[in-house]
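Working notes for the structure below.
This one's a predicted model, so the numbers in the text were calculated from it and none came from an experiment. Sequential numbering from 1 along the given sequence is applied to the chain's residues.
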Amino acid sequence: MASRPKTDTIPFAPKASYPVRSGNRIKPLIDGEPAFRRVCEAIEGAQHSVWVTVTFMWETCRMPDGRGSPLDVLNRAAERGLDVRMVFWRPDPETEYLKTNAFWGAPEHLDKLRASASTIRIRWDRAKLGFCQHQKSWIIDAGYAAETAFLGGINLNPHSVVTPGHSGGEGQNHDLYIELAGPSTVDVHHNFVQRWNEASERHLFDGRWGEGSDSDLPFPTEVPGNRGNASVQIQRTIADGRMLCGQATPQGTAYPVHEGERSNFDQYCAAIHAARRSIYMENQYIAVPEILGSLRLALLRGVEIVAVVPAAGEIPDALSELATFDQFTLAGIAGLSEDGKRSNVWVHSKLMIVDGEWGTVGSCNMHHYSLFGNCELNAAFWCNETARALLDELLYEHLAMSVTELDDLAALQLFGRIVRSNRQLFESGDSSWQGLAYSLISKL
C-alpha cells in the first residue's frame with residue numbers, strides 16, 4: 001500500500017473509494033472558454049484515447065476558436081485513430097424535463113451520429129430514480145505516462161463557454177475545471193471504467209453506439225508517476241451500490257465501498273469543522289442543514305467566511321441568517337457590458353478553499369441531490385501553493401485587483417469590504433463597481 005501523504009489540519013475522507021495520493025500537479029481553469037480551449041488542446045495532442053463523462057450537452061454548444069461542436073472535436077480525434085468513449089446520462093421519467101438539455105440517445109441524436117459517420121464509442125447511463133449522473137470529467141491517454149484529467153462543474157452549453165470577466169451580457173455561467181496530472185489521475189481513470197462497464201443501458205439496442213461499444217474496459221493496474229507537489233483525493237457521491245462492487249483500485253486503495261459513497265459530503269463537513277481562519281466557497285446551492293450548521297459553528301469560532309452564490313437564485317433562510325455574523329459575506333457576481341449595464345452571472349461552480357491551504361473542485365453542489373443521490377466527482381487537494389493560486393485567481397476576477405500580497409484572512413476581509421461597497425452602489429443604481437462581486441445582503 002502506498003504511504004499516506006501528511007494532511008496537517010484538514011482531514012481526508014476516510015470512507016472513500018480512493019486514497020490520498022501525493023505528487024500531483026493541479027492547474028485551475030476558470031470559466032468555460034479558457035477551460036474548454038485547454039481541453040481541446042489536450043485532445044488535439046492526445047496519442048491514444050479520450051474518455052468523457054457528460055451530464056448535459058446542448059446542440060448549440062460550440063468549442064472555442066472555431067473548433068465546432070464538442071462532437072466535432074471528438075469525431076476528429078476518433079478519425080485520427082484514438083479510442084474516444086463517452087458516457088452520457090439518460091434521464092428517467094422523474095427527470096424527463098431535463099432531456100431537452102441532454103444528449104440522451106433520442107432517435108435524432110442517433111441520426112446525428114449516423115450523419116457524421118461517427119466512430120466514437122458511447123454508452124448511456126441512468127442514475128438512481130429521480131437523480132442525475134452529474135459527473136463532468138475528461139481523461140486523456142488513460143493508462144499512459146502522459147495521462148491527464150480534467151474535472152469540475154462546466155456543462156457543454158453556450159451559457160458556459162464564456163470568458164473570464166463576464167462582459168458579454170445576460171445568460172452567462174461562472175464555473176471552472178481543474179487540470180490534473182500525476183498519481184490521482186488513475187482514480188479518474190478507474191471511475192470512468194466503472195461508469196463505462198456498469199452503464200445501465202449498455203445491453204439495450206439504443207443504449208450504446210459505435211463498433212466496440214459492447215466491450216468492457218480493463219481496470220487500471222499502475223499509478224502514474226509524480227508530476228507536482230499536491231496531495232489529492234478523488235471523492236465521489238455514489239448512491240447506486242452496483243457501481244462500487246467492481247475491481248479494486250490500484251496500488252494503495254484502503255477503502256472498498258459497497259453500499260454507496262458520500263465522501264464529498266464527509267469532506268465538505270470535515271473541512272468546515274477544521275477551518276481555523278478562512279473559508280471561501282462558490283456553490284450553486286448551499287442548502288443542506290449539516291453544511292449550514294457547520295458553517296455556523298465556524299463563524300462562532302471566528303472564521304471569516306465568503307460564500308459566492310447565484311445572485312438571481314433563491315437564498316435559503318438559514319443561509320441569510322448567517323449574514324448576521326460580521327465575518328460572513330454572501331455575494332453574487334454581475335458582469336459589466338460595454339453599454340454600461342450590469343447582468344447577473346449564474347454561479348455554477350462547486351468549490352471550497354479553507355485557510356488558503358486546502359481546496360476542493362468538482363461537480364458536487366451542497367444540496368440533497370448532489371450530496372446523497374446524484375453521481376458526483378470532486379478532487380480535494382492539500383497544497384498551500386495550489387490553494388492560494390486558485391483563491392488569488394478567483395478574487396482577481398471578482399474584485400479586479402490582486403490579493404497576492406495579503407494572507408487568506410486579510411484577502412477575504414478585503415473582499416467583504418469591497419462587495420458591501422458595491423452593494424451600496426447597486427442600490428443607488430450606479431453600475432460603476434469595482435470588479436464583479438456585490439453583497440446580496442444589505443449590511444452596513
Side-chain angles (χ1 to χ4, degrees), residues 24-80 82 84-86 103 116 120 135-142 146-169 171-182 185 188 192 227-228 282 333 335 345-351 361-363 377 379 386 389-390 392-398 400 436:
N24 297 280
R25 175 174 55 82
I26 294 176
K27 179 182 179 182
L29 300 167
I30 296 175
D31 291 312
E33 184 175 292
F36 284 128
R37 178 177 292 115
R38 177 65 194 117
V39 169
C40 288
E41 290 170 353
I43 292 170
E44 290 157 2
Q47 299 297 307
H48 305 282
S49 63
V50 180
W51 298 347
V52 191
T53 62
V54 179
T55 305
F56 299 112
M57 185 174 75
W58 293 23
E59 172 68 26
T60 52
C61 181
R62 293 295 178 268
M63 300 301 250
D65 310 318
R67 288 181 167 92
S69 72
L71 285 179
D72 291 335
V73 173
L74 293 167
N75 279 333
R76 288 194 292 269
E79 289 165 3
R80 291 198 289 118
L82 273 61
V84 180
R85 298 175 189 255
M86 305 182 77
F103 193 83
S116 64
I120 296 172
Q135 296 179 346
K136 305 100 166 46
S137 67
W138 307 68
I139 185 147
I140 312 298
D141 290 340
E147 183 175 83
T148 303
F150 300 86
L151 60 98
I154 314 179
N155 288 312
L156 291 162
N157 66 53
H159 300 292
S160 296
V161 188
V162 296
T163 59
H166 301 285
S167 61
Q172 295 198 23
N173 294 339
H174 167 71
D175 211 335
L176 78 158
Y177 277 164
I178 59 165
E179 179 177 350
L180 173 66
T185 59
V188 184
F192 182 89
R227 302 280 293 278
E282 293 183 6
I333 58 175
V345 176
W346 187 265
V347 175
H348 193 261
S349 43
K350 306 95 171 56
L351 69 92
V361 171
S363 67
L377 189 70
T386 302
L390 176 57
D392 291 347
E393 191 168 347
L394 289 165
L395 294 193
Y396 182 81
E397 179 188 38
H398 297 340
L436 308 177

How many angstroms lie between [atom1] in [X] and [atom2] in [Y], if you round to the nearest 0.5 Å?
| X | Y | atom1 | atom2 | answer |
| --- | --- | --- | --- | --- |
| Leu180 | Arg25 | CG | CZ | 8.5 Å |
| Leu390 | Ile30 | CG | CD1 | 5.5 Å |
| His398 | His174 | NE2 | NE2 | 4.0 Å |
| Asp392 | Glu397 | CG | CD | 13.5 Å |
| Gln135 | Thr55 | CD | OG1 | 8.0 Å |
| Asp31 | Ile154 | CG | CD1 | 7.0 Å |

Can you give me the closest heavy-atom contact between [X] and [Y], atom names plus distance?
| X | Y | answer |
| --- | --- | --- |
| Cys61 | Pro70 | O-CD, 3.5 Å |
| Glu393 | Pro28 | OE1-CG, 3.6 Å |
| Ala46 | Leu82 | CB-CD2, 3.4 Å |
| Val361 | Leu351 | CG2-CB, 4.1 Å |
| Val84 | Ala78 | CG2-N, 3.6 Å |
| Leu377 | Ser137 | CD2-CB, 3.8 Å |

Return the set of residues passing side-chain hydrogen bond (donor to acceptor under 3.5 Å, both in side chains) with [X] (not counting sequence neighbours), or none when no residue passes.
| X | result |
| --- | --- |
| Ser49 | none |
| Asp141 | none |
| Thr386 | none |
| Gln172 | His166 |

Requested in this report: Start with the C-alpha distance between Leu71 and Phe103, add both sets of side-chain angles, then the distance that settles side chain to side chain contact (heavy atoms under 4.5 Å, CB included), and finish with yes or no.
Outcome: CA-CA 11 Å; Leu71 285 179; Phe103 193 83; 3.9 Å; yes

Pairwise side-chain contact, [X] with [Y], heavy-atom cut-off 4.5 Å (strictly under):
| X | Y | answer |
| --- | --- | --- |
| Pro34 | Leu29 | no |
| Leu156 | Val54 | yes |
| Tyr177 | Lys136 | yes |
| Thr185 | Thr148 | no |
| Val73 | Val39 | no |
| Leu151 | Ser363 | no |

Requested in this report: Not counting sequence neighbours, which residues clear side chain to side chain contact (heavy atoms under 4.5 Å, CB included) with Asn157? List them please.
Outcome: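 Side chain to side chain contact (heavy atoms under 4.5 Å, CB included) check on Asn157 returns Trp58, Asn155, His159, Ser160, Asn173.
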
Query raised in the report: Residues in side chain to side chain contact (heavy atoms under 4.5 Å, CB included) with Ser116, at least two apart?
Result: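 Ser116 satisfies side chain to side chain contact (heavy atoms under 4.5 Å, CB included) with Asn75, Ser118 only.
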
Report task. Would you please name every residue forming a salt bridge (charged side-chain N to carboxylate O under 4.0 Å, His left out) with Glu179, sequence neighbours left out? Result ->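 If we apply the salt bridge (charged side-chain N to carboxylate O under 4.0 Å, His left out) test to Glu179, skipping adjacent residues, the hits are Arg38.
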
Query raised in the report: Under the ring pair (Phe, Tyr, Trp, His ring centres under 6.0 Å) test, which residues partner Phe150, sequence neighbours left out?
Result: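 Scan of Phe150 (ring pair (Phe, Tyr, Trp, His ring centres under 6.0 Å), adjacent residues dropped) gives none.
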
Report task. Not counting sequence neighbours, which residues clear ring pair (Phe, Tyr, Trp, His ring centres under 6.0 Å) with His348? List them please. Result ->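 So His348 forms no ring pair (Phe, Tyr, Trp, His ring centres under 6.0 Å) with any residue.
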
Tell me the salt bridge (Lys or Arg N to Asp or Glu O under 4.0 Å) pairs involving [range], sequence neighbours left out?
| range | value |
| --- | --- |
| residues 46-68 | Arg37-Asp65, Glu44-Arg67, Glu59-Lys112, Asp65-Arg67 |
| residues 152-163 | none |
| residues 150-164 | none |

